[in-house]
Amino acid sequence: MTTLTLGGAINAGLRRSLANDDRVVLMGEDIGTLGGVFRITDGLKAEFGAHRVVDTPLSEAGIIGTAVGLAYRGYRPVVEIQFDGFIYPGFDQIVAQVAKLHRRSRGTVKMPITIRVPFGGGIGAAEHHSESPEAYFAHTAGLRVVSCSDAADAYVMIQQAIASDDPVLFFEPKRRYHVKGEVDDRASLADAKPMGIASVVTSGTDVTLVTYGALVQIARDAATAAAEEGVSIEVIDLRSLSPLDLGTVADSVRRTGRLVIAHEAGQQLGLGAEIAASITERCFEYLEAAPVRITGHDIPYPPAKLERYHLPDLDRMLDGVDRALGRPNSLSGVEA
Amino acid sequence: MTTLTLGGAINAGLRRSLANDDRVVLMGEDIGTLGGVFRITDGLKAEFGAHRVVDTPLSEAGIIGTAVGLAYRGYRPVVEIQFDGFIYPGFDQIVAQVAKLHRRSRGTVKMPITIRVPFGGGIGAAEHHSESPEAYFAHTAGLRVVSCSDAADAYVMIQQAIASDDPVLFFEPKRRYHVKGEVDDRASLADAKPMGIASVVTSGTDVTLVTYGALVQIARDAATAAAEEGVSIEVIDLRSLSPLDLGTVADSVRRTGRLVIAHEAGQQLGLGAEIAASITERCFEYLEAAPVRITGHDIPYPPAKLERYHLPDLDRMLDGVDRALGRPNSLSGVEA
Amino acid sequence: MTPSDRIATGLLTRPDGFAQLITPEGERRADPDLDRWVVDIDTEALRGLYRDMSVLRRIDSEGIALQRQGEVGLWPPLLGQEAAQVGSARALRSDDFVFGSYREHGVAWVRGIDPADVLRVWRGAASSGWNPYDYGMAVPQIIIGAQSLHATGWAMGAKWDGSDAAAVAYFGDGATSEGDVNEALVFAASFEAPVVFFCQNNGWAISEPVGLQSKQPLAQRADGFGVPGIRVDGNDVLAVLAATRVALDRARRGGGPTFIEAVTYRMGPHTTADDPKRYRTDDELADWRARDPISRVGALLAASGLDLETLEREVEVEAARAAGELRASIATMADPEPMTVFDHVYAEPHSHLDRQREQYARYLAQFDDGASGATEGGAR
Amino acid sequence: MTPSDRIATGLLTRPDGFAQLITPEGERRADPDLDRWVVDIDTEALRGLYRDMSVLRRIDSEGIALQRQGEVGLWPPLLGQEAAQVGSARALRSDDFVFGSYREHGVAWVRGIDPADVLRVWRGAASSGWNPYDYGMAVPQIIIGAQSLHATGWAMGAKWDGSDAAAVAYFGDGATSEGDVNEALVFAASFEAPVVFFCQNNGWAISEPVGLQSKQPLAQRADGFGVPGIRVDGNDVLAVLAATRVALDRARRGGGPTFIEAVTYRMGPHTTADDPKRYRTDDELADWRARDPISRVGALLAASGLDLETLEREVEVEAARAAGELRASIATMADPEPMTVFDHVYAEPHSHLDRQREQYARYLAQFDDGASGATEGGAR
Ligand SMILES: Cc1ncc(C[n+]2csc(CCOP(=O)(O)OP(=O)(O)O)c2C)c(N)n1
Ligand SMILES: Cc1ncc(C[n+]2csc(CCOP(=O)(O)OP(=O)(O)O)c2C)c(N)n1
Ligand SMILES: [Mg+2]
Ligand SMILES: [Mg+2]
């Protein structure tokens, strides 16, 4: 066991993947000499060389498109997209190539590409630096989408993503990069929990609160705050956004009868829509109230001074819990 | 009144927009001399000239990016994307620029850009030619997304889209291009139903069946078939996918208590997810059963010989209706 | 500057605008730079190229015929581009890797791929026709230009692996306007990747003339990226072969990428769905017929004393057999099983799709005779 | 070929690699092509350019200081690029239109935009600082290269409108690798759009040296697209002014696009969040200090008899006032109202967002004193 920041845990996971498999190469803008703008790849170029940790020209389609070619040759490229809002120039290569080539080649060509994306807000950044584009990828067949919320998961999941023969979008909660946690850096990957499985991080009986990434900690805090008021919240960290581990969520909702989903991305067609619809399908008879979504507004990410009025926080989560429980809340008395 | 195909109605609508407003310009690949691969812009270059109907170099980002510049200069560009699957190279310009520039300029710069996209399957086409990418855009704040299902709507809605000061993704159900309908080509736009409002196309009392685009006709047929078995289906053509006219859907569901949503796009995070989630939020007390989604599978669009095993058809819609009604259906006896 | 570098940049400045070894009339033209790259192409080898092109042309027209008869959904003919495809593909080694577009049936054929496997996909009976690793050729690419980056990435990998194999990206004149192709030039130049960008400038991108994409020769585009551009008569199989050998030689020796613009002409429609009469003249077509890639090789062979009629008869037999085999293959192309729609979406198990597959199987099983009942409204 | 065409293509072949009118030592160098474009720049005008650059440098360093003090979230300094920005922007007419990146504070200043309005956005207090139509300058662009297409589209429109106004796209060396910039060159060439691509090659894209993006001068890239490329000393305000005038003149006379590579250097960090020590040497910086864009104009003015000390004192007063105003503006930058998060997402009413706005207003209203209660966990 060792204590690492979430960012440090990813760095350690990358290092281990590079060491274990010489077909693993890291590619991206500024990831080599600089170690990335968040220093997630710090030291790796020095350790593994410029052919394993590759500073690329400034072009996202170029990075992902050449990663496809490398995958064709048997490499396992790990691509860094510098910020969430810069992934769109590479969208075509992700959606039309990375996601589809295993299928389009009838399973003969593997696309074991990991696309790392620091995502989400809360760091007071400029426009395009705080986005939550995960739903675009979760809507895309052929991709896997995961997000970690703490150092321990980050360390294991990045290695699992790289080891997966499927392409994985790996969303890193950038405002948690500096948060420390215990990491078991000796454990074998084989024993680790698969990245497709959700975690129940706090058990509870009254409401199921589902989230992922940076909001997991806030959900924990909400559970603590609610406990003081006698409300018992079960917090689930999804970890995998595609496929969703709906079994774990449904098990919980069958016990609690109430579901709140929180994410930073906009509400319309955010992950909350899929979870609400799927859980309603699976648990209709168990639901005591409609699933509640606590999300970013359906707006372009606002200027830094306004982000607290956009991001779901503890108060908004608790307001959602109150709605799910039918307790007085911000929408009390409003026509649905 | 005149009889036009759906494609012909769009052509007529484009012609009227070009004639009424000299800031309207059409741009795209092969739209000029050829009149587009579907001939939707047939004759318009000859009538309005090469500066109003512009054949562009082969680059979707280029087309949309230059349209942004033209909008900056006060133009109202109408862009054709040749097929649904070719929109992704332009994704960044759509999501980061077209969708956001009105906001990013604090309302000083308008982006009245219409992006026409022939979409969906059922025409036996090659890969990338039958996709349903509408959810990506409906998840993007700042865009409006609409789809027409018949000639009358096509004629009016394309003009409304062009007249809108907001950017509009205009999804044209390509397998319906050749279907004829009555078009009121004299009526004033001012009297027309706004494009943001859904249409109840068949009234019914037992189940609400919501869809859009090419599936509207199949839903009508399903309603006819079900009527013979004594089941009364209310069919709603959404017309607008963002914003959704949830009021119309909720009114219907409050009467029927049952909801089925159908679309060609994959299920995970398709429009059905948002509609199911939103209607459950608004109508929880009225719902007799969980909303049912009848959708394309979560797969890359299959080869032509298999598309009938992917696309929602009349049988699958009726199976969904049976599920909503609790009648024997394909999932009877299956654990949720 | 190495000799190949000189060739690469020198060709553009020739008065006729491109390098040519066989004139349209079938005369062998001397070329101080290219000749030495094709010294091994004796009459026998030239006969082989003639045969390749002729058989291919016949296979191609069979593809069109099958489309007209409803056996195939769509066919993008290569008529007129036989020399560009055969000449370039014959320069390759088996461990080189081709990333083509949708029109490279000729390249596929040279790589040893059964035309039936090409057709299968256009028939809509499969998402892919062959295993790329069996032939050193990727699956076809419809997204214009995307494969240029794949070829570049593959080449970067080859270099890192210490191999002297090269990648070849095939694309059209229209494709040069897509960001991907330009970014591929950036990456290839930056990493000195052993990749050949083989651009078949066939004059048209569907209805758009090449002049809409660029006002100057496309080979010059590459020079701007630091990638030497060669412009060659794309209807001259010998010149194409020589130019491709030059480029591959550079690549293998660590010289990095080369761009070849093969000036050719799409003599047929863009695809069987296209009507070129709407946008181009018969005169233009007639012009290019006079520059046919096959007949000039025939004329050269005849001039060298070969009995062309005999050759034509031999080739005709072979072509007829190939076309017949292609046609016959249709009978064996059973429609895929319905449940295969779920295949190969993921390489590893996937909880969501596995469940969806199960539910759909249950749905299909409701119908009396399984899958076939799921017709529009037919089953109820 | 017109005279400007000759200039455009001729500059690249000069032995020193770029055009220069003022040496780093402050000597005026004769240039047969460029001199006539700056005959109006007398000592008075040169003084003005000196003043522009000096005041700008001070404003820029105030931006950094305010960031260090926590008043601004981020600041991307233009230190070292004053000549490139002032020289080019001073060539523009008010009806021309600028599409810049995030570093064009200098251009904004010349366009008449209040530095406070630039700062407001970096402070995170607004999504935009000015009305583009008031200044002929678009909102800043962070998505690398995207604005090059916007400029091209604007220029296409200007041409269709029969106007002789031109668009200018500013971007960096790194941006030339993005598809958008290359596609902009394609469109600009194809439509002969009156657009000037002004590339500030400042040597670095964050930590990546320009050599990673291109192994040869970026101006050559443009030539490959049929867009004449000019390479100019970007630290020479006079040469930049002349080159931009050449390009604008071409544009206005229907000559189409021009690409200018201004060779300069980013003397500061990429942004205040960057630490350039991690990737470049002090020596390199010292080298470029010796080529400072401001001091050479000072030296030239002094040589022409002007009392530099007096000028410096005058400019210092003005710079201090500008910096003071910028600092003072912070006090008036109230945080935006919470409910403005919903503003300007759409130009027309939007049922979904209107409902969301309403619900959020109701949510905020729960807290005692409205908005301020919505802190993390604070209100309960
Ligand atoms: C990204 C993308 N946009 C548009 C299309 C539609 N399309 C198919 S072929 C074609 C023209 C391609 O022209 P060119 O590159 O010259 O190749 P050619 O067909 O002449 O071989 C177009 C526009 C596409 N397949 N992909
Ligand atoms: C599409 C995109 N990818 C990545 C980034 C992150 N990024 C911001 S600035 C920058 C470097 C830009 O270099 P250059 O174009 O030379 O401009 P400079 O900063 O030197 O002025 C990068 C990679 C971005 N803003 N947009
Ligand atoms: Mg072509
Ligand atoms: Mg730079």
Side-chain angles (χ1 to χ4, degrees), chain A residues 29-37 39 42 55-62 82-83 85-86 88-89 123-129 218 221-222 225 228-229 266-268 295 297-311 313-316 318-319 328-334, chain D residues 73-74 102 121-127 140 142-146 172-180 205-208 212-214 273-275 278-279 335-343 345 350 352-353 356-360 362-367 371 373-380:
Chain A
E29 298 158 7
D30 306 294
I31 68 162
T33 309
L34 183 64
V37 295
R39 310 289 185 263
D42 201 18
D55 274 327
T56 66
L58 208 176
S59 150
E60 290 73 18
Q82 200 162 81
F83 278 86
F86 308 147
Y88 308 119
I123 62 162
E127 53 183 7
H128 310 292
H129 288 74
I218 301 177
D221 296 344
E228 284 169 27
E229 299 185 21
Q267 173 177 292
Q268 190 163 288
T295 70
H297 308 304
D298 287 305
I299 60 173
Y301 200 87
K305 296 275 184 198
L306 287 175
E307 65 181 340
R308 53 193 278 238
Y309 301 106
H310 174 64
L311 293 171
D313 58 13
L314 187 145
D315 282 327
R316 286 186 61 206
L318 291 177
D319 185 55
N329 66 80
S330 69
L331 298 183
S332 297
V334 179
Chain D
L74 191 80
Y102 41 83
V121 177
W122 296 111
R123 182 171 161 85
S127 57
I142 285 181
I143 302 295
I144 301 297
D173 44 298
T176 60
S177 294
E178 287 281 8
D180 279 9
I206 309 185
S207 74
E208 300 189 339
L212 184 66
Q213 320 286 342
S214 180
D274 179 41
D275 174 13
R278 292 181 71 107
Y279 53 81
D335 285 358
E337 285 301 312
M339 290 304 293
T340 62
V341 291
F342 294 100
D343 287 358
V345 180
H350 190 278
H352 172 66
L353 199 65
Q356 202 166 70
R357 179 194 285 113
E358 224 170 83
Q359 294 192 348
Y360 190 63
R362 185 177 284 270
Y363 168 79
L364 283 186
Q366 291 180 114
F367 299 95
T375 54
E376 288 214 355
R380 290 183 83 97

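Side chains are part of it too, since the values below use all heavy atoms of this structure and drop only hydrogens, waters and symmetry mates. A note on names: the letters A, B, ... follow the listed sequences, proteins ahead of strands, and every chain is numbered from 1.
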Straight-line distance of A:Gln268 CD to D:His352 NE2, nearest 0.5 Å = 4.5 Å
Looking at D:Val345, D:Asp343, D:Val341, D:Asp335, which has the largest count of heavy-atom pairs under 4.5 Å with chain A?
-> D:Val341
Over all heavy atoms of both residues, which pair between A:Leu306 and D:Pro338 is shortest? Give the atoms and the distance, please.
-> CD2-CA, 3.9 Å
Which bit of D:Gln359 is near chain A, if near means a heavy-atom gap under 4.5 Å: side chain, backbone, both or neither?
-> both
Honestly, the part of D:Ala146 sitting under 4.5 Å from a heavy atom of chain A is neither
Non-hydrogen atoms of A:Glu127 and D:Pro140 that approach each other most closely | OE2-O, 4.0 Å
Does the A:Asp298 side chain pair with the main chain of D:Leu353, one donor and one acceptor, at a distance under 3.5 Å?
-> no
Checking A:Pro57 against chain D: side chain, backbone, both or neither under 4.5 Å from a heavy atom?
-> both
Is there a side-chain contact between D:Tyr360 and A:Arg316, using heavy atoms and a 4.5 Å cut-off?
-> yes
Side chain, backbone, both or neither: which part of A:His128 has an atom under 4.5 Å from a heavy atom of chain D?
-> side chain
For A:Glu29, which residues count as a side chain to side chain contact (heavy atoms under 4.5 Å, CB included) partner, sequence neighbours excluded?
-> A:Thr56, A:Leu58, A:Glu60, A:Ile63, A:Gln82, D:Glu208
Smallest separation among heavy atoms of D:Ala126 and A:Pro303, with atom names = C-CG, 3.6 Å
Side chain of A:Tyr309, backbone of D:Thr340: donor and acceptor closer than 3.5 Å?
-> no
Check side chain to side chain contact (heavy atoms under 4.5 Å, CB included) between D:Arg362 and all other residues, then give those that pass, not counting sequence neighbours.
-> A:Leu331, A:Val334
Whatever's closer than 4.5 Å to a heavy atom in chain A on D:Ala205 counts as both
Working to the nearest 0.5 Å, report the span between CD1 of A:Ile299 and CZ of D:Arg357.
-> 10.0 Å
Least distance between heavy atoms, D:Gln366 atom then A:Asn329 atom = OE1-C, 3.7 Å
Rounded to the nearest 0.5 Å, how far does CG of A:Leu34 lie from OH of D:Tyr279?
-> 7.0 Å
Okay, D:Ile206 and chain A: the region with an atom under 4.5 Å from a heavy atom over there is both
Angle class for the D:Phe342/A:His297 ring planes (parallel below 30°, perpendicular above 60°, tilted otherwise)?
-> tilted
Working for side chain to side chain contact (heavy atoms under 4.5 Å, CB included), residues A:Asp315 and D:Phe367 = CA-CA 10 Å; A:Asp315 282 327; D:Phe367 299 95; 3.9 Å; yes
